[in-house]
Amino acid sequence: MRFSGFAANGRTVFPELRRVLIPAFALVLILSAIAAAGSPVPGGDDEVKKLIKEATKLTRAGSFQDAENILLRAVEIDKSRSDAKVALAYVYVKERRLGDAYNLCFPIAQAEPRNSRAFAVLGMTLLTGGRFREARLIFYKALDINRSEDLAWAGYGLLDFYENRINESLNNLREAVYREPNEPDYLFALAQVAARSENYQEAAAMYDQFLHISDSKDTERRERIKGLINFLRFLGQTGRLYVSDGEDQAKVSFELVGNRPIINLHVNGKRDPLRFVLDTGSGISVVSEATAKKLKINPITKGGFARGIGGNGKFEIVYGMLRQVEIGPVKVRNVPVYIRKFQTDGQSVDGYIGLALISKFLTTIDYGDQSFSLTKKNEDAKDFKSNTDLSLPLRLTSSGFLSGEVQLQGLESTLNFIVDTGASVSVISDRVSKTEGISPFISDEKLRIIGSAGITDDVSTFMLPRVSFGQHSRSSIMAVALDLDVINEASGFEQAGILGGNFLKNYRLTFDFKNSKVIFVPLKPENE
């Protein structure tokens, strides 16, 4: 089976976390009502303070295990202190041990309703677990206690980022950096959002500052960031990207191959059409090495190696630029791309259309008549808004994927799944596949997975009895079980799976990227 080019860099959330958060969160709200009567955070001796300071430096450097060990010592020295425990909970969040973080931090917020840091760490735990509404309320509580709580400002900024409120995200992350300029995570997040808002020079400056204050020994990551800085500086000199030209709307047919929609388009004014996969599972568009060579698209810069699905898990990051892409009568100029080698399974394609290329349009992928439509016409947007009761919310991950809440029969809670038209089959994380509610559905069939970083054979499959996205359900959906660490490390909040073409092909999908909404119209009656 074929997957789109994931280029991300973590560990998957415990599904059990979602079951305990809601009832406990209700208690937090009750406790917050009496917050004014709370006591100050307990103090402590110099040795514990020294250990916490040392652990903070290690956390910022990405040495989470060392930081954890030091904080465990600090907790052992004085079990009555909460500051070491809160710092340890934050390390657990960084390690994506969300259950441990929650169990450690929640009792502190309960006992110390004026401890803004405990509330901020609790909010970050909820946010990383995908509990957006609850996280927002907790961050509000932290700032109500202490307007200088930098982690709460950063949490607000990330939450706005995921929900596509870019201006608010920029303002909140800038506030976090102002409050704590030596926290590398804040600079990195601000750089990501600045790039999303097309403030490329600011993004490059923030990434550069990140490298200067970060003590991370992760040389591969640093090389990736250096390459990205060079590319962002190039983009800052290029002018506007994704400039729409030609007509305001287009409708072209696509070929459905292995549950993936493939359209013909033209690049850089060339007459010969190229075959591109419509890939909502990729933020940036991708061009094969062979196609780039044929069209004389030269690399702009290179930047280390990305981690992807399949093979040895890595591929070189090479940046390029397409002068123009034509989809029917619609033309889009100045399109950044990755250039990489494509794995082959006999289905030859020249590239993948990423979200950034089509995100300025109202976009419809109709698997019924196998058509792909783009429009900027006001009447089309008005018609979409009139169907808002049918629309489902989507969130944007830090790495540029679309994510929605999915319900799997056998599990009580909803899970975050990437909505990926470029994946031929759906995916569940290996962690989810081992849960009691899902493991009985394993099947004997094994599949070959072709991903951005190579090929993996003998991948386990599951026949899921029912998969639901909002009010839309399908039965007997095959899913492969994969290690999604490579996705979650860069997504910002946990993804438990991928909603692939074998589910999506049953619908007409209309994406409103600006407002992070999608409408699913079933092509045939859904399962009762």
Side-chain angles (χ1 to χ4, degrees), residues 28-29 31-44 46 48-61 67 71 74 81-94 101 104-106 108-128 132 134-162 165 167-194 202 206 209-210 212-214 492:
V28 172
L29 291 182
L31 290 170
S32 67
I34 59 171
S39 302
V41 180
D46 291 340
V48 174
K49 290 181 179 179
K50 186 176 180 181
L51 290 172
I52 293 173
K53 185 176 181 179
E54 184 180 352
T56 298
K57 291 181 179 179
L58 290 167
T59 302
R60 290 175 174 174
L71 289 169
R81 290 183 60 134
S82 63
D83 48 358
K85 293 177 183 178
V86 170
L88 179 59
Y90 187 53
V91 171
Y92 287 154
V93 174
K94 304 288 287 181
L104 188 58
C105 202
F106 171 72
I108 297 172
Q110 179 181 355
E112 302 174 14
R114 300 301 296 172
N115 189 333
S116 63
R117 185 68 177 186
F119 277 89
V121 172
L122 182 60
M124 198 61 76
T125 305
L126 291 161
L127 178 60
T128 307
F132 284 34
E134 296 92 333
R136 182 175 293 279
L137 292 172
I138 292 293
F139 289 137
Y140 179 86
K141 175 61 185 173
L143 290 175
D144 184 54
I145 298 168
N146 178 12
R147 295 291 293 179
S148 297
E149 185 51 67
D150 53 277
L151 184 60
W153 285 112
Y156 257 134
L158 288 171
L159 203 161
D160 288 332
F161 182 30
Y162 303 148
R165 291 186 291 272
N167 289 335
E168 293 92 335
S169 178
L170 280 171
N171 290 334
N172 288 327
L173 286 168
R174 286 167 179 160
E175 184 72 21
V177 170
Y178 169 76
R179 299 288 180 181
E180 182 46 85
N182 293 316
E183 176 52 68
D185 283 353
Y186 303 167
L187 293 167
F188 191 86
L190 179 55
Q192 287 184 308
V193 181
E202 180 183 10
M206 292 300 100
Q209 192 172 342
F210 167 86
H212 276 90
I213 71 168
S214 171

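Source: prediction; values computed, not measured. Residue numbers count from 1 along this sequence.
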Worksheet entry | side-chain hydrogen bond (donor to acceptor under 3.5 Å, both in side chains) pairs, two or more places apart, involving residues 181-191 |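 Listed once each, the pairs are R60-E183, K94-D185, D150-Y186.
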Worksheet item: In terms of side-chain geometry, is the basic nitrogen of K50 or E54 positioned less than 4.0 Å from the acidic oxygen of its partner?
Response: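 No, K50 and E54 are not salt-bridged.
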Item to complete: In plain terms, say whether E202 and R174 are close enough for a salt bridge, that is, a side-chain N and a carboxylate O under 4.0 Å apart.
Response: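 Salt bridge present between E202 and R174.
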What distance do [X] atom [atom1] and [Y] atom [atom2] have between them, rounded to the nearest 0.5 Å?
X: L170; Y: F161; atom1: CG; atom2: CZ; answer: 9.5 Å
X: Y92; Y: L71; atom1: OH; atom2: CG; answer: 8.5 Å
X: E149; Y: N115; atom1: CD; atom2: CG; answer: 8.5 Å
X: Q209; Y: L190; atom1: CD; atom2: CG; answer: 9.0 Å
X: N172; Y: L159; atom1: CG; atom2: CG; answer: 9.5 Å
X: S169; Y: Y162; atom1: OG; atom2: OH; answer: 9.0 Å

Worksheet item: Hey, are the side chains of F132 and R136 touching, using non-hydrogen atoms and a 4.5 Å cut-off?
Response: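 Not touching, per the 4.5 Å side-chain cut-off.
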Taking all non-hydrogen atoms of both residues, which atom of [X] and which atom of [Y] are closest, and how far apart?
X: I213; Y: P181; answer: CD1-O, 3.7 Å
X: G123; Y: A135; answer: O-CB, 3.6 Å
X: L104; Y: A89; answer: CD2-N, 3.7 Å
X: L173; Y: G157; answer: CG-CA, 3.9 Å
X: A142; Y: A120; answer: CB-N, 3.9 Å
X: A84; Y: V48; answer: CB-CG1, 4.4 Å

Fill in: OH/Y140: more than 12 non-hydrogen atoms of other groups inside 6.0 Å
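Result for OH/Y140: open.
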Item to complete: State which residues pass side-chain hydrogen bond (donor to acceptor under 3.5 Å, both in side chains) with R165; sequence neighbours excluded, sorted by chain then number.
Response: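 Scan of R165 (side-chain hydrogen bond (donor to acceptor under 3.5 Å, both in side chains), adjacent residues dropped) gives D160, E163.
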Worksheet item: Is the cationic atom of R117 (NZ for Lys, CZ for Arg) positioned less than 6.0 Å from the six-membered ring centroid of Y90 and within 45 degrees of its normal?
Response: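 Yes, cation above the ring, under 6.0 Å and within 45°.
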Worksheet item: Donor-acceptor pair, W153 side chain versus L143 backbone, under 3.5 Å?
Response: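 Checking the backbone N and O of L143 against the side chain of W153, no donor-acceptor pair under 3.5 Å is found.
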